[in-house]
Asker: 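Okay, handing you the structure first.
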Amino acid sequence: MKGLLTLILSSALTAPAFAAAPNANAPKGGNFVFNLGGEPPTVHPITATDAYSRYVQNYVCDGMATRDSETYDWKPRLAEKWEISKDNKVFTFHLRKDAVFHDGTPVTADDVKFSFDAIFEPKYEAAHLRPYYEGLTKAEVIDAHTIRFTARDLYFNNFESAATLTVIPKKIYSDIEKSKKMNRQLVCAGPYVLSKFDRGQVITLKKFDKWYGNKDAAYAGMYNFDTITMRFYKDENVELERAKKGELDYLDLRVEAFMKKTEGAPWGKTIIKHKVENSAPKSYGFIGWNFRKELFQDRSVRVALAHLLNREEMNKKFRYGMSDLANGAIYLRSEYNPGNKALEFNPKKAQELLAKAGWTDKDKNGVLEKEVNGKRTEFKFTLIYPSKDTEKYYTMYREDLKKAGIDMELKYLEWNSFLKLVDEGNFDAVTMAWGGGSVDPDPKQIWHSASAVAGGSNFIAYKNPEVDKLIDEARVEPNKAKRVAALKKVYAKIAEDAPYAFLFNDKYAFYANSSRMGMPAETFKYEIGRDYWWLKAQ
């Protein structure tokens with residue numbers, strides 16, 4: 001589990017029946033088939049930014065340590081042990097001697113150093129990763145199996161960043177231009193090998209027979225499948241039909257699918273659906289306003305646009321009241337949430353704010369207008385989105401905007417084309433969701449002005465010097481209670497600025513699995529725990 005935030009299409013993740021444990025005697029073998037949901041533009045370990053690539057990398061790549069799914073404690077992976085200096089600025093990792101990459105070459109400290117240095121290589125354009133690693137000044141090779149990281153400051157995530165660094169082979173990735181073209185290849189040291197990536201069709205992973213964990217009791221009951229097949233079904237109805245035919249072993253469900261599209265046989269017989277809770281941070285959806293556009297630079301306008309989003313009705317109509325209305329850029333139930341009041345649907349207040357910002361319908365043609373840079377400008381913009389399953393939300397929004405004199409065009413784009421426009425900052429408004437991220441979040445990746453660069457995650461170019469200063473101070477605050485207090489201020493100010501119209505936080509995770517799957521529990525405390533599943537005897 002890694003704290004890096006990744007973009008997803010919609011929110012859906014995870015039963016307080018905790019204290020789950022892997023089945024150490026789980027049977028081995030078989031093929032696990034699930035729907036990735038979308039096709040990753042690239043699976044490159046440095047340049048990829050979306051959640052789909054992260055799903056693949058989580059099976060194929062490895063870091064030096066990871067979080068326990070139940071306790072959240074650190075567990076060894078490529079490193080068998082580590083030391084942390086008293087001042088919390090030096091982290092020394094001792095690599096296992098039996099770890100090898102998928103090409104058979106040993107994993108060495110030199111590879112770890114290369115993996116770290118590559119993040120700061122400008123040609124890699126890894127702006128989305130740098131906020132997590134800039135607190136580390138260097139990685140030193142002590143010997144072939146010992147690597148030492150030194151920190152420049154007390155950034156609270158320094159150890160986590162070093163521990164979860166994706167370790168890649170220098171031999172393969174040091175030719176940068178060549179490696180950047182490896183969009184469908186991925187060479188790491190994880191439990192599975194990427195064996196096939198057919199554009200528009202499928203990704204297939206094969207169990208790595210030389211993975212060090214195969215003979216280590218610490219990993220008994222994990223990674224039980226011989227192969228994993230990932231599909232790219234974007235259309236929910238197609239996905240559900242495939243599952244009903246027995247072609248999928250796992251799928252995330254939206255609440256609407258859980259409630260209305262999964263009734264009757266074979267549901268409950270050959271396909272089992274689940275509604276569970278756990279302690280993992282949950283995703284939130286949003287409509288983001290591009291600050292590069294004059295139209296969205298006035299806070300009153302952004303707040304007005306949020307007041308015109310009828311989330312109460314959407315939650316009732318499309319989500320059966322089973323979601324919370326997000327109140328900002330942090331999971332509602334996180335200890336870091338400042339408790340802002342969620343903006344309610346209030347067209348009257350929105351009209352007042354728009355008038356305050358100078359937007360009126362002088363010519364009575366039904367569209368608000370204003371003089372902008374000496375030119376009469378009507379209040380029109382385009383919202384781009386990558387999922388037709390959520391189109392009805394935006395159709396409802398469009399109608400409420402229209403009543404207020406705002407003309408919003410809806411434009412669906414295929415995922416890769418959509419991401420390209422987002423990365424280029426070439427859009428008016430955009431909608432999708434951020435994954436839940438870390439239990440202890442760092443907002444810099446998304447909300448610091450330094451992240452408003454090509455390839456960065458602050459793709460709406462939100463910039464607030466006060467927020468920047470508070471983020472910078474909070475990141476190096478070692479006392480967690482003080483850091484929580486500081487970041488509450490950050491999230492409160494972001495909510496006040498309304499850079500996004502925030503959508504929903506899920507209360508539950510909804511998912512389904514084929515009846516041939518065995519599992520130790522419906523969920524672990526911090527994730528569902530698919531890595532512990534197995535194929536039942538037929």
Side-chain angles (χ1 to χ4, degrees), residues 2-8 40-42 44-51 53-54 115-137 152-153 155 157-158 161 165-166 173 176-177 179-180 183 286-297 302 329 384 386 413 415-435 437-438 441-476 490-491 493-494 497 499-500:
K2 217 167 185 178
L4 177 70
L5 284 154
T6 51
L7 285 167
I8 58 179
T42 178
H44 193 285
I46 299 175
T47 63
T49 60
D50 64 324
S53 60
R54 187 65 57 184
S115 306
F116 172 74
D117 293 341
I119 291 171
F120 297 96
E121 165 53 54
K123 292 179 181 176
Y124 267 128
E125 300 174 348
H128 62 299
L129 292 174
R130 288 179 196 139
Y132 296 99
Y133 290 92
E134 62 193 15
L136 299 169
T137 58
R152 65 165 50 87
D153 56 36
Y155 170 48
N157 256 337
N158 276 333
S161 298
L165 172 71
T166 298
Y173 287 94
I176 298 173
E177 295 307 319
S179 91
K180 285 176 70 176
N183 296 324
F286 63 87
I287 298 171
W289 315 115
N290 192 341
F291 279 60
R292 302 174 188 87
K293 307 281 183 177
E294 176 77 27
L295 197 59
F296 303 115
Q297 291 178 1
R302 299 191 302 272
I384 61 170
L413 291 168
W415 180 244
N416 289 3
S417 302
F418 173 84
L419 273 189
K420 184 172 185 294
L421 291 185
V422 171
D423 286 342
E424 292 171 348
N426 187 17
F427 61 90
D428 296 332
V430 61
T431 183
M432 50 186 156
W434 283 109
S438 174
D442 176 4
K444 185 167 184 177
Q445 180 193 345
I446 302 174
W447 299 109
H448 199 288
S449 57
S451 299
V453 296
S457 298
N458 183 2
F459 44 76
I460 63 167
Y462 168 75
K463 296 177 181 177
N464 182 327
E466 190 177 3
V467 167
D468 287 351
K469 181 174 181 291
L470 286 169
I471 291 176
D472 291 339
E473 291 172 354
R475 279 164 52 94
V476 294
V490 169
Y491 288 115
K493 289 189 178 298
I494 292 171
D497 284 341
Y500 291 169

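Sequence positions, counted from 1, serve as the residue numbers for this chain.
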Asker: Mind listing the closest non-hydrogen atom pair of L165 and Y133 along with its distance?
Answerer: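 Distance-wise, the nearest heavy atoms are CA-OH, 3.3 Å.
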Asker: Rounded to the nearest 0.5 Å, how far does NZ of K123 lie from NZ of K180?
Answerer: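 So the NZ of K180 and the NZ of K123 are separated by 8.5 Å.
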Asker: Is any side-chain heavy atom of V490 closer than 4.5 Å to a side-chain heavy atom of I471?
Answerer: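 When only atoms from C-beta onward are counted, I471 and V490 do touch, with a gap below 4.5 Å.
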Asker: Regarding S451 and Q445, do their side chains bring together a donor and an acceptor under 3.5 Å, going by distance alone?
Answerer: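 There is no such pair between these side chains.
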Asker: Can you find a heavy atom in the side chain of F286 that is under 4.5 Å from one in the side chain of M432?
Answerer: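 The answer is yes, as the side chains (C-beta and beyond) meet within the 4.5 Å cut-off.
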Asker: Taking the six-membered ring for Trp, are the ring centroids of Y124 and F120 within less than 6.0 Å of each other?
Answerer: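 Centroid separation for Y124 and F120: 6.0 Å or greater.
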Asker: Working to the nearest 0.5 angstrom, can you tell me the gap between D442 CG and Y132 OH?
Answerer: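 The distance works out to 5.5 Å.
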Asker: Testing the 3.5 Å rule here: is there a donor-acceptor pair between the side chains of D497 and Y462?
Answerer: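 Per modelled atom types, D497 and Y462 side chains form a pair under 3.5 Å.
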Asker: What pair of heavy atoms forms the shortest contact from K293 to Q297, and how long is it?
Answerer: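 So the two residues come closest at O-CG, 3.4 Å.
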Asker: Heavy atoms, side chains only, cut-off 4.5 Å: are I446 and W434 in contact?
Answerer: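 Yes, side chains in contact.
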Asker: Does K469 reach the side chain of D472, with side-chain heavy atoms less than 4.5 Å apart?
Answerer: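 No, side chains not in contact.
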Asker: Can you name the nearest heavy-atom pair linking V430 to F418, along with the distance?
Answerer: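 Heavy atoms of V430 and F418 come nearest at CG2-CZ, 3.3 Å.
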Asker: Contact between D50 and P41 at the side-chain level, heavy atoms closer than 4.5 Å - yes or no?
Answerer: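 A side-chain contact exists here, since the closest heavy-atom pair is under 4.5 Å.
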Asker: Which heavy atom in G425 sits nearest to a heavy atom in R292, and how many Å separate them?
Answerer: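 For G425 versus R292, the nearest heavy atoms are CA-NH1, 3.6 Å.
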Asker: Heavy atoms only: give me the nearest T49-S53 pair and the separation to one decimal.
Answerer: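 Nearest heavy atoms, T49 then S53: N-OG, 4.2 Å.
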Asker: How about I494 and P499: do any of their side-chain heavy atoms sit closer than 4.5 Å?
Answerer: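 Touching, per the 4.5 Å side-chain cut-off.
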Asker: Output the distance between atom NE2 (H128) and atom OG1 (T47), rounded to the nearest 0.5 Å.
Answerer: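 Here the rounded value is 7.0 Å.
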Asker: Could you tell me if the side chain of L295 sits less than 4.5 Å from the side chain of W289, heavy atoms only?
Answerer: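 They are not in side-chain contact.
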Asker: Is the centre of the W447 ring less than 6.0 Å from the centre of the Y500 ring?
Answerer: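 Yes, the ring centres sit under 6.0 Å apart.
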Asker: Between E134 and R152, is there a side-chain N and carboxylate O pair less than 4.0 Å apart?
Answerer: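 A salt bridge is absent here (no side-chain N lies under 4.0 Å from a carboxylate O).
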Asker: Rounded to the nearest 0.5 Å, how far does CG of L129 lie from OG of S161?
Answerer: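 So the OG of S161 and the CG of L129 are separated by 9.5 Å.
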Asker: Can you name the nearest heavy-atom pair linking Y173 to S179, along with the distance?
Answerer: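 Minimum heavy-atom separation between Y173 and S179: CD2-CB, 3.6 Å.
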